[in-house]
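Since the structure comes first, as C-alpha cells, the remarks are kept for the end.
The residues of the chain are indexed from 1 along the displayed sequence.
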Amino acid sequence: YVGTDYHKPVSLLNDNQLGLFFKCCDSIEPNKRCKNREYVIPVIFRLIYGCGLRNSEATNIKMNDIDLDEGKIRIIHSKGDKDRIVYMDKSLVNLCNRFNEVQEVMFPNRKYFFNISGKKLSKHNIDDYFDKILRESCLIEQFVIKPTVHGLRHLFAVNNLRKCLSLGEDMDVYIKYLSQYMGHESTKET
C-alpha cells in the first residue's frame with residue numbers, strides 16, 4: 001500500500017511483511033557493544049506500531065510516564081508541544097511488563113523506559129535499527145519507496161480505520177477519537 005504523507009509518497013507494510021518484520025526483530029542477536037538491544041528493539045517497534053507513536057514519543061518515554069498497571073503512557077511535549085495519554089492493548093501491556101522486569105535487573109533506576117547499554121535511544125538509533133531489520137529480512141527489496149519507522153504510525157491509523165469499517169462503526173465519530181489518540185491537530189491530519 002502506498003499512501004501520502006503531506007503529498008510525499010510513503011510505503012506501508014502489509015500484514016505478511018509486518019509479521020516478517022517482527023519475526024526479524026525477535027531474532028536480533030545480543031551484542032556486547034549494544035547491551036540489551038535484543039530486548040529493546042522488538043518491544044519499541046511493537047509499541048510504535050501498537051500505539052501509533054512517533055519515533056521521538058517512544059524514545060522519550062520516561063519511567064514515570066508509563067503506568068504498566070493501568071496500561072497507559074503519558075506523552076509529554078510531543079509535536080506542537082501537546083501532551084496526551086495513550087492506552088495500550090492488554091497484550092502490549094503484558095509485553096512491556098515482561099520487558100520492564102528484565103530491564104530493571106540490567107539497569108535499575110533507569111530514567112528512560114528504553115535504553116541500549118544504559119543510554120537513551122535517539123530517533124536516529126531507531127531509524128538505523130529499522131533499516132537494518134528491513135535489509136536483514138529482505139523486505140527492503142519489495143519496495144520502490146523504502147518504508148520508514150514513521151510508516152508504522154501510518155499503518156496503525158490505516159488498520160484502525162479498516163477495523164472501524166469492518167465493524168460498521170460511524171467513521172465520523174471514530175476518526176475524531178483516533179485523531180485525539182494520535183495527537184493530531186485535526187481529523188484532516190489523520
**OP:** Please round to the nearest 0.5 Å and tell me the distance separating atom CD1 of Ile75 and atom CG of Asp83.
**Re:** 9.5 Å

**OP:** Take Leu47 and Leu53, measure what side-chain contact (heavy atoms from CB on, under 4.5 Å) needs, and give me the verdict at the end.
**Re:** CA-CA 7 Å; Leu47 193 68; Leu53 299 179; 3.9 Å; yes

**OP:** For Arg135 and Asp131, run salt bridge (charged side-chain N to carboxylate O under 4.0 Å, His left out): C-alpha distance rounded to whole Å, both residues' side-chain angles, the deciding distance at 0.1 Å, then the answer.
**Re:** CA-CA 6 Å; Arg135 285 190 307 274; Asp131 291 348; 5.1 Å; no

Original post:
Would you find a donor on one side and an acceptor on the other, under 3.5 Å apart, between the side chain of Glu101 and the backbone of Arg98?
Top reply: no

Original post:
With the 4.5 Å side-chain cut-off for hydrophobic clustering, are Phe130 and Phe22 part of the same group?
Top reply: yes

**OP:** Using the test side-chain hydrogen bond (donor to acceptor under 3.5 Å, both in side chains), find all partners of Glu104 that sit at least two apart in sequence or belong to another chain.
**Re:** Arg110

Subject >> Smallest separation among heavy atoms of Ile66 and Phe113, with atom names >> reply: CG2-CD1, 3.9 Å

Subject >> Asp128/Lys132 ion pair, N-O < 4.0 Å >> reply: no

**OP:** Is it possible for you to say whether Phe99 and Val102 belong to one hydrophobic cluster, with membership spreading through side-chain heavy-atom contacts below 4.5 Å?
**Re:** yes

**OP:** Decide if atom OH of Tyr39 counts as having more than 12 heavy atoms of other residues, nucleotides or ligands within a radius under 6.0 Å.
**Re:** no

**OP:** Kindly check if the number of other-residue, nucleotide or ligand heavy atoms within 6.0 Å of NZ (Lys163) is above 12?
**Re:** no

Subject >> Cys25 versus Pro42, closest heavy-atom pair with distance >> reply: O-CG, 3.3 Å

**OP:** Not counting sequence neighbours, which residues clear salt bridge (charged side-chain N to carboxylate O under 4.0 Å, His left out) with Arg153? List them please.
**Re:** none

Original post:
Side chain of Asp65, backbone of Lys62: donor and acceptor closer than 3.5 Å?
Top reply: yes

Original post:
Quick one: does Phe114's side chain get under 4.5 Å of Thr59's, heavy atoms only?
Top reply: no

Original post:
Same hydrophobic cluster for Ile28 and Leu18, using side-chain heavy-atom links shorter than 4.5 Å among ILVMFWY?
Top reply: yes

**OP:** Answer yes when Asp67 and Arg74 have at least one side-chain N-carboxylate O distance shorter than 4.0 Å, and no when they do not.
**Re:** no

Original post:
NZ of Lys82: more than 12 outside heavy atoms within 6.0 angstrom?
Top reply: yes

**OP:** Check whether any side-chain heavy atom of Leu139 sits under 4.5 Å from a side-chain heavy atom of Pro147, and report yes or no.
**Re:** no

**OP:** Evaluate the criterion side-chain contact (heavy atoms from CB on, under 4.5 Å) for residue pair Glu70 and Val93; output intermediate values, then yes/no.
**Re:** CA-CA 9 Å; Glu70 296 289 323; Val93 173; over 6 Å; no

Original post:
Tracing side-chain links under 4.5 Å among I, L, V, M, F, W and Y, which residues wind up in one group with Ile85?
Top reply: Tyr87

**OP:** Find the distance between NE2 (His150) and CG (Asn55) and round it off to the nearest 0.5 Å.
**Re:** 7.5 Å

Subject >> Result of checking Ile116, Asn125, Ile44 against Arg37 for side chain to side chain contact (heavy atoms under 4.5 Å, CB included) >> reply: Ile116

Original post:
Is Asp26 salt-bridged to Arg46, cutoff N-O under 4.0 Å?
Top reply: yes

**OP:** Show your reasoning for whether ring pair (Phe, Tyr, Trp, His ring centres under 6.0 Å) applies to Phe45 and Phe21.
**Re:** CA-CA 10 Å; Phe45 285 128; Phe21 175 82; 5.4 Å; yes

**OP:** Provide the closest heavy-atom pair for Ser11 versus Phe143 in the form atom of the first, atom of the second, distance.
**Re:** CB-CD2, 3.5 Å

Original post:
Do side-chain atoms of Asn160 reach the backbone of Phe156 as a donor and acceptor pair under 3.5 angstrom?
Top reply: yes

Original post:
Gln17 and Gln142: side-chain contact (heavy atoms from CB on, under 4.5 Å), yes or no, with the steps?
Top reply: CA-CA 9 Å; Gln17 292 165 333; Gln142 298 178 25; 2.6 Å; yes

**OP:** Say whether, by atom type as modelled, one donor and one acceptor occur between the side chain of Asn60 and the main chain of Ser56 under 3.5 angstrom.
**Re:** yes

Original post:
Which heavy atom of Leu12 sits nearest a heavy atom of Gly151, and at what distance?
Top reply: CD2-O, 3.3 Å

Original post:
Are Val40 and Leu95 connected in a single hydrophobic cluster, I mean Ile/Leu/Val/Met/Phe/Trp/Tyr linked by side-chain heavy atoms less than 4.5 Å apart?
Top reply: yes

Original post:
Going by an N to O cut-off under 4.0 Å, is there a salt bridge joining Arg84 and Glu57?
Top reply: yes

Original post:
Heavy-atom distance under 4.5 Å between the side chains of Met88 and Cys96, does that happen here?
Top reply: yes

Subject >> Shortest non-hydrogen separation from Arg33 to Ser117 and the atoms involved >> reply: O-OG, 3.2 Å

Original post:
Can you tell if the side chain of Lys72 reaches within under 4.5 Å of the side chain of Val86, non-hydrogen atoms only?
Top reply: no

Subject >> Path from Val43 to Met63 over hydrophobic side-chain contacts below 4.5 Å >> reply: yes

**OP:** Starting at CG of Asp170, measure out to SG of Cys164 and round the result to the nearest 0.5 Å.
**Re:** 7.5 Å

Original post:
Got Val10 and Ile145 here, is their nearest side-chain heavy-atom distance under 4.5 Å?
Top reply: no

**OP:** Please round to the nearest 0.5 Å and tell me the distance separating atom CD1 of Ile61 and atom NZ of Lys111.
**Re:** 14.5 Å

Original post:
What is the distance from atom OG of Ser122 to atom CG of Asp127, rounded to the nearest 0.5 Å?
Top reply: 8.0 Å

Original post:
Ile48 and Leu152: which non-hydrogen atoms are nearest, and at how many Å?
Top reply: CG2-CB, 4.0 Å

Original post:
Could you give the distance from SG (Cys34) to CD1 (Ile41), rounded to the nearest 0.5 Å?
Top reply: 9.0 Å

